[in-house]
Protein chains: 2
Amino acid sequence: MNIGQASGKSGVSAKMIRYYEQIGLIKPPLRTNSNYRRYGADEVHVLRFIKRARNLGFSLDETSALLSLWQDRSRASADVKEIATAHIGELETKITELQGMVKTLKHLVHCCQGNDRPDCPILDDLAEIPSSKGH
Amino acid sequence: MNIGQASGKSGVSAKMIRYYEQIGLIKPPLRTNSNYRRYGADEVHVLRFIKRARNLGFSLDETSALLSLWQDRSRASADVKEIATAHIGELETKITELQGMVKTLKHLVHCCQGNDRPDCPILDDLAEIPSSKGH
DNA sequence: CCTTGACCTTCCCACAATGGGAACCTTTAT
DNA sequence: ATAAAGGTTCCCATTGTGGGAAGGTCAAGG
């Protein structure tokens, strides 16, 4: 199987497969005598694993750790749980931050008439013009 | 006022101030005869505007647009409202995605005993091992 | 047999934003 | 005078992904 097929079956672009190989996330595959990378079902399996971890928002570093644990028969599931739990915390922190931004923006948009006149509470707020009444 | 003072008053690092100047987000300030950048209250005001927009999650491109509108006396507040509304949409999309990840991860962590034995539903799921019962 | 198109290879560049640091100059205070 | 603090430019790194050029390879069809 060439890199294009492996890409199609794993959902990882050929470009990224080469990159993952370059940074050592995956092992260099065998090559044909014309220097084409050859992949088998195992490699595709690894790529799918990576793809799924990435879809869950794990960084490549975290993915690398999960991959090691996956391939390590003596791993402790507690290690995996720890990575996942820490990751949940990070995601939740990010969600909270984004929600704060949305809340502020919604308030501003709500106060903005959106007509042709230049009075714009959004810009006023960004510019810190003190409003007549706090909110 | 030197760049360090402007940085302190605006909350934007000196490094970033120079970068914003380089990419054309802000105008090059006057220089002293010893080539130091001189800033006044106006420039600091602009930097604070930028800082606040960035804190609300606007990209530098969006911030640039908002800055233009802010400095344009003939701007329509509808334009600003549109940028802000679009941005809210993006943020909410991101929040939904993150919440989906958290939900999946929490389920997996919940199913993971986290002890010393290698049975780990998190890795099993990442590896797409079909579980006995779908969820 | 030879061309054409699809696929592979490596290598370099780009993004968004930010930080680190080197090498060097200026200002200020001791 | 000298040392510390802060300025200047320039280059590099990050994270993860994509684009594209220049060239090699393979399969199909005229």
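Values below: all heavy atoms of this structure, side chains included; hydrogens, waters and symmetry mates excluded.
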Integer-rounded Å distance: C:dC13 P and A:Y19 OH: 17 Å
Phosphate contact (C:dA17 OP1 or OP2) by B:Y20 side-chain N/O below 4.0 Å: no
Identify whether any heavy atom of B:S59 sits under 4.0 Å from a base atom; if not, whether one sits that close to sugar-phosphate; answer base, sugar-phosphate or nothing. sugar-phosphate
By the 4.0 Å heavy-atom rule, please label A:S13 as base, sugar-phosphate, or nothing. sugar-phosphate
Nearest whole angstrom, please: distance from the P of C:dA17 to the CD of B:E21. 18 Å
Backbone of B:K9 reached by a side-chain donor or acceptor of B:R48 within 3.5 Å: yes
Okay, side chain of B:T63, backbone of B:A53: is any donor-acceptor separation there less than 3.5 Å? no
Nearest-neighbour nucleotide for the B:N2 side chain, D:dG16, D:dG7, C:dT18 considered: D:dG7
Look at the rings of B:W70 and B:F49 and say which category their plane angle falls in: under 30° parallel, 30 to 60° tilted, over 60° perpendicular. parallel
Within residues 34-44 of chain A, which residues have any heavy atom lying less than 4.0 Å from an atom of DNA chain C? A:N35, A:Y36, A:R37
Donor-acceptor pair under 3.5 Å: do we get one between A:K15's side chain and the base of D:dG20? yes
Both A:D61 and A:N33 contact DNA chain D. Which one's nearest nucleotide lies toward the 5' end? A:D61
Is it the case that atom CD in A:E82 sees more than 12 heavy atoms from other parts of the structure closer than 6.0 Å? no
Measure from CD1 on B:I17 to C1' on C:dA17 and round the result to the nearest Å. 15 Å
Taken to the nearest whole Å, CD1/A:I3 to P/C:dC8 is 7 Å
Value in whole Å for how far the C1' atom of C:dA16 lies from CD of B:E62: 12 Å
Between A:H87 (side chain only) and A:S59 (backbone N and O only), is there a donor and an acceptor less than 3.5 Å apart? no
Tell me the interatomic distance from A:R18, atom CZ, to D:dT17, atom P, rounded to whole angstroms. 15 Å
Which pair of heavy atoms, one from B:L98 and one from A:L91, lies closest together, and at what distance? CD2-CD2, 3.7 Å
Looking at B:E62 and B:R54, is there a salt bridge between them, counting it only when a charged N and a carboxylate O are closer than 4.0 Å? no
Between B:T32 and B:R54, whichever has its closest DNA chain C nucleotide further toward 5' is B:R54
Closest to the B:R31 side chain, choosing from D:dT17, C:dA17, D:dT8: D:dT8
Rounded to whole Å, how long is the line connecting atom CE of B:M16 with atom C1' of C:dA16? 10 Å
Once you round it to whole Å, what is the distance between P of D:dA27 and CD of A:Q5? 12 Å
